[in-house]
Protein chains: 2
Amino acid sequence: MAGGTTTIYDLARATGLSPSTVSRALRGIGDISPGTVARVRESAARLRYRPNVVARSLALRASDSFALMLPDIANPFFPALVKAVQLRARHHGKTVLLCNTEGVPAAEAEYLEMLASRQIQGVVVMGLAITADEIRRRVGSGMKIVALDRAAAGASAASVQADHRAGGWMATDHLLRLGHRAIAHISGPAQLSVTTERWEGYRDRMRQSRIDPGPPARGDFTESSGHQAAQELIHSGRHFTAIFCANDLMALGAISALRSAGLGVPAQISVLGFDDIELGRYAVPALTTIRQPLEDLARVAVDLLVGLLRGEEAPAPKRLAVELVVRESTAAPPRAVAGQAATLASSGIAPRGGEDVRSREDF
Amino acid sequence: MAGGTTTIYDLARATGLSPSTVSRALRGIGDISPGTVARVRESAARLRYRPNVVARSLALRASDSFALMLPDIANPFFPALVKAVQLRARHHGKTVLLCNTEGVPAAEAEYLEMLASRQIQGVVVMGLAITADEIRRRVGSGMKIVALDRAAAGASAASVQADHRAGGWMATDHLLRLGHRAIAHISGPAQLSVTTERWEGYRDRMRQSRIDPGPPARGDFTESSGHQAAQELIHSGRHFTAIFCANDLMALGAISALRSAGLGVPAQISVLGFDDIELGRYAVPALTTIRQPLEDLARVAVDLLVGLLRGEEAPAPKRLAVELVVRESTAAPPRAVAGQAATLASSGIAPRGGEDVRSREDF
DNA sequence: TTGTATGCGTTATCAC
DNA sequence: GTGATAACGCATACAA
């Protein structure tokens, strides 16, 4: 045990066996007698043997970890997902390397080089700027890719996504059923597929009720962008009694802006988010939202990746159902001033009426 | 270039040099002629050579990454810190492995084994259950440890912390200056040093004004625990006009509970947090809080660790200053009902008066 | 300034 | 069932 660390050579010496037998006994593969296995295990425990993962990776030309690339861990949706992914990864005996790209393509490319350097052959990507095909072009076809909550840009990648379009549809439907007609939408970054899909769901449901959806206000999924978008909406003079925000964080920002402008939520304006982050539950008012199945997404993504790593074929893209969670930020539109509830002029005390209305899914 | 990857042997063949010369040229160490360096670099670029970090780690018996262990990445304070740490790590050419312990000692131990297996010899720990000495006992003295925002439990570890005690003091001082006398405290997990220190700052400042601080309500730094603690405070019938919460997340939870109970913030009850998480800025009301110098903490911690890894001695524990950030969740206590503002009986409309008061630091 | 030989700890391919 | 032996790709002591 040179230098304090025990190796299989030490175990070989201790047991009177050969290194290769020790190696096999430790991993329980090949034909080894139960007795030897026991002996090896015993002295491994006694000598506090710890396998050297680095040496193993070198010999195997493969690592036991994979990467998780995401644009911004500061968005509360992602930490929860990271947790879920790590949990599932451990279930497979894998560790995950977190790569924060900040949405900048250069960082993405740099990370990919890094992964290749480390013999890492699998990556779960979320909201990336570059496509799976570009990834392959950069680091070779050995890299297994699973797109999480994002259209598989490039035919060959496996992917799981929540059904964002259905989510947009359900959100809008909920507001329409409450009686809203003037529903604004604050969307996310234009290039992201989730942005488009949530918007399409909204648009389709609006059109179904013969209402012109109008152009979305543009945000970037941060709280401050939601705040700002809502402010612009207010000052534009555009009429609306509800806002469907493309994620919870922007919804929180929007609520903040509305209240600062003297507009009650949900008394005057209803606000609906997307994701169902923990924070939304404790916000005041508690956020009505579309829940993404976080654990399921993580589980499916990791399992998919592990499958690819084992050499399995990429299955067809998977879609997971979302769910409407009705809380307190949505209510019926105000009765009296229902023509201009959202203009700055009407920022006094709201007429009661919306507060206690709770909606149910009943279709 | 066997199997698609280029090695230094390939470069040696391409340049007519030996592998060791190539190795040195690539790293720019030893005495090598400028000409050979250029030649090596050129063919490295042409053959798309990528150093195999795994092989290097094996040869060096050391990894180029370090670990960041923290209890719960779902707490918004941590993602921001993770970002800052990763940023600084890249500045040193290091990558960081994120270890989420969920506060369970078994997970901590398991992660430590994992680190040792990977030849990782440095770790930045936050809010861990086990001490630095226990870490050393487990994985040997080779592990370099930097405690971040936590007392260096065990003499030998380096550490950086914000000045939590001063923070507790400043928070309480701010409330006292606004005119509050009955100030409750919702604290964190008892075994954490930051919990104790923040509480001590609160206690000292209270005593300085000859007010009995009373026992703190106990939370665990989650929003829901803040919510619950505030509820219990309300139902206890105990009198208070302000709450100093040991972190922002609990403050947000407390505000939620207060409002649900019909208590206005800050009109009836002032609430003050700790950390200055992004969310607090956009909450309604915007959270008054004690700001921790996130980037500085991360920078100092990483630099400290890199120093230790280079064989430098652990310097004395470092303390970084915190800062009071006054926003909207604190105001003067209500005038009229100043005797029982916090009981459920008085949950009607609050007397005005607190709303527009803005405090300044003026000492 | 450059080359040779060896080791890092493991796995895999053979042979016994 | 078990044991030699040769990779894996890089770094380094030593020799030239």
Side-chain angles (χ1 to χ4, degrees), chain A residues 1-41 43-44 47-65 93 116-121 142, chain B residues 1-41 43-44 47-64 113-114 116-121 142:
Chain A
M1 76 181 222
T5 46
T6 308
T7 74
I8 53 172
Y9 284 90
D10 300 314
L11 297 186
R13 213 170 306 128
T15 54
L17 294 164
S18 77
S20 46
T21 304
V22 170
S23 173
R24 284 180 295 231
L26 249 19
R27 288 173 298 151
I29 65 166
D31 282 334
I32 18 84
S33 80
T36 1
V37 172
R39 248 163 68 219
V40 171
R41 295 253 158 90
S43 52
L47 297 178
R48 310 196 67 197
Y49 168 77
R50 250 190 299 270
N52 184 322
V53 179
V54 173
R56 178 182 297 167
S57 285
L58 181 60
L60 256 32
R61 284 183 292 290
S63 140
D64 67 340
S65 49
S117 273
R118 290 163 185 277
Q119 313 292 90
I120 288 178
Q121 291 159 335
Chain B
M1 66 185 228
T5 47
T6 308
T7 74
I8 53 172
Y9 287 91
D10 299 313
L11 298 186
R13 213 170 306 130
T15 55
L17 294 163
S18 78
S20 55
T21 304
V22 171
S23 172
R24 285 178 294 230
L26 249 19
R27 285 171 302 148
I29 65 166
D31 284 332
I32 18 85
S33 79
T36 31
V37 171
R39 249 165 65 220
V40 171
R41 293 255 159 89
S43 53
L47 296 179
R48 311 197 67 195
Y49 168 78
R50 249 191 298 269
N52 183 323
V53 180
V54 174
R56 177 183 297 167
S57 284
L58 181 60
L60 257 32
R61 283 183 292 290
S63 140
D64 67 340
E113 295 287 327
M114 195 263 275
S117 274
R118 288 164 188 276
Q119 313 293 89
I120 288 178
Q121 291 159 335

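Reminder, nothing fancy here: chain letters follow the sequence lines and each chain counts from 1.
B:Arg61 approaches B:Gln121 most closely through the heavy-atom pair O-NE2, 3.4 Å. Shown here for A:Ala55 and B:Leu58, the closest heavy-atom pair between the two residues is CB-CD1, 3.7 Å.
Among the protein residues, A:Asp31 comes within range of the nucleic acid bases, having at least one heavy atom under 4.0 Å from a base atom. Across all strands, A:Thr36 comes closer than 4.0 Å only to sugar-phosphate atoms, never to a base (heavy-atom distances). Residue contacts shown for A:Ser20 include a base, since a base heavy atom lies under 4.0 Å away. Contacts of A:Pro51 with the nucleic acid, taken as non-hydrogen atoms under 4.0 Å apart, involve only primed sugar atoms and P, OP1 or OP2. Contact annotation for B:Gly35: no contact, since no heavy-atom pair falls under 4.0 Å across all strands.
Applying the 4.0 Å criterion to OP1 and OP2 of D:dT2, one finds that A:Ser33 has a side-chain N or O inside that range. Considering only side-chain N and O atoms, A:Thr7 lies nowhere under 4.0 angstrom from the phosphate OP1 or OP2 of C:dG9.
Comparing B:Ala59 and A:Thr21, the nucleotide of DNA chain D nearest to each residue sits closer to the 5' end for A:Thr21. For B:Pro19 and B:Arg61, each mapped to the nucleotide of DNA chain C holding its nearest heavy atom, the one lying further toward the 5' end belongs to B:Pro19. Each of B:Tyr9 and A:Val53 was matched to the nucleotide of DNA chain C holding its nearest heavy atom; the match closer to the 5' end belongs to B:Tyr9. Both A:Arg39 and B:Arg50 lie near DNA chain D, and the one whose nearest nucleotide falls closer to the 5' end is A:Arg39.
For the pair B:Arg13 CZ and D:dG9 P, the computed distance is 12 Å after rounding to whole Å. The separation between A:Leu58 atom CG and D:dA11 atom P is 12 Å, rounded to whole Å. In this structure, B:Ile32 atom CD1 and C:dG3 atom P are separated by 12 Å, rounded to whole Å. The interatomic distance linking B:Leu60 (CG) with D:dC8 (P) rounds to 20 Å, in whole Å. D:dT12 atom C1' lies 14 Å from atom CZ of B:Arg56, rounded to whole Å. Between B:Gln119 atom CD and C:dG9 atom C1' the separation is 9 Å, expressed in whole Å. Between B:Ile8 atom CD1 and D:dC8 atom P the separation is 13 Å, expressed in whole Å. For the pair B:Leu17 CG and C:dT1 C1', the interatomic distance rounds to 11 Å; values are reported in whole Å.
Atom-to-atom distance recorded for B:Ile32:CD1 and B:Thr21:OG1 is 9.0 Å, nearest 0.5 angstrom. Atom-to-atom distance recorded for B:Thr6:OG1 and B:Asn52:CG is 11.5 Å, nearest 0.5 angstrom. Expressed to the nearest 0.5 Å, how far CG of A:Asp10 lies from CZ of A:Arg48 amounts to 14.5 Å. For the atom pair OG1 (A:Thr36) and CG (A:Leu17), the distance works out to 6.5 Å, reported to the nearest 0.5 Å.
At distances below 3.5 Å, at least one donor-acceptor pair connects side-chain atoms of B:Ser57 with backbone N or O atoms of B:Val53. Distance alone, capped at 3.5 Å, is enough to place a donor-acceptor pair between the B:Ser117 side chain and the A:Pro51 backbone.
Contacts between residues 22-29 of chain B and DNA chain D, defined by a heavy-atom separation below 4.0 Å, involve B:Ser23, B:Arg24, B:Arg27, listed by number.
In the helix from C:dT1-D:dA16 to C:dC16-D:dG1, the terminal helix axes, each the rotation mapping four pairs' C1' atoms onto the next four within five end pairs, subtend 40°, rounded to 10°.
A:Ser43 and A:Arg39 form no side-chain donor-acceptor contact under 3.5 Å, judged by distance and modelled atom types alone.
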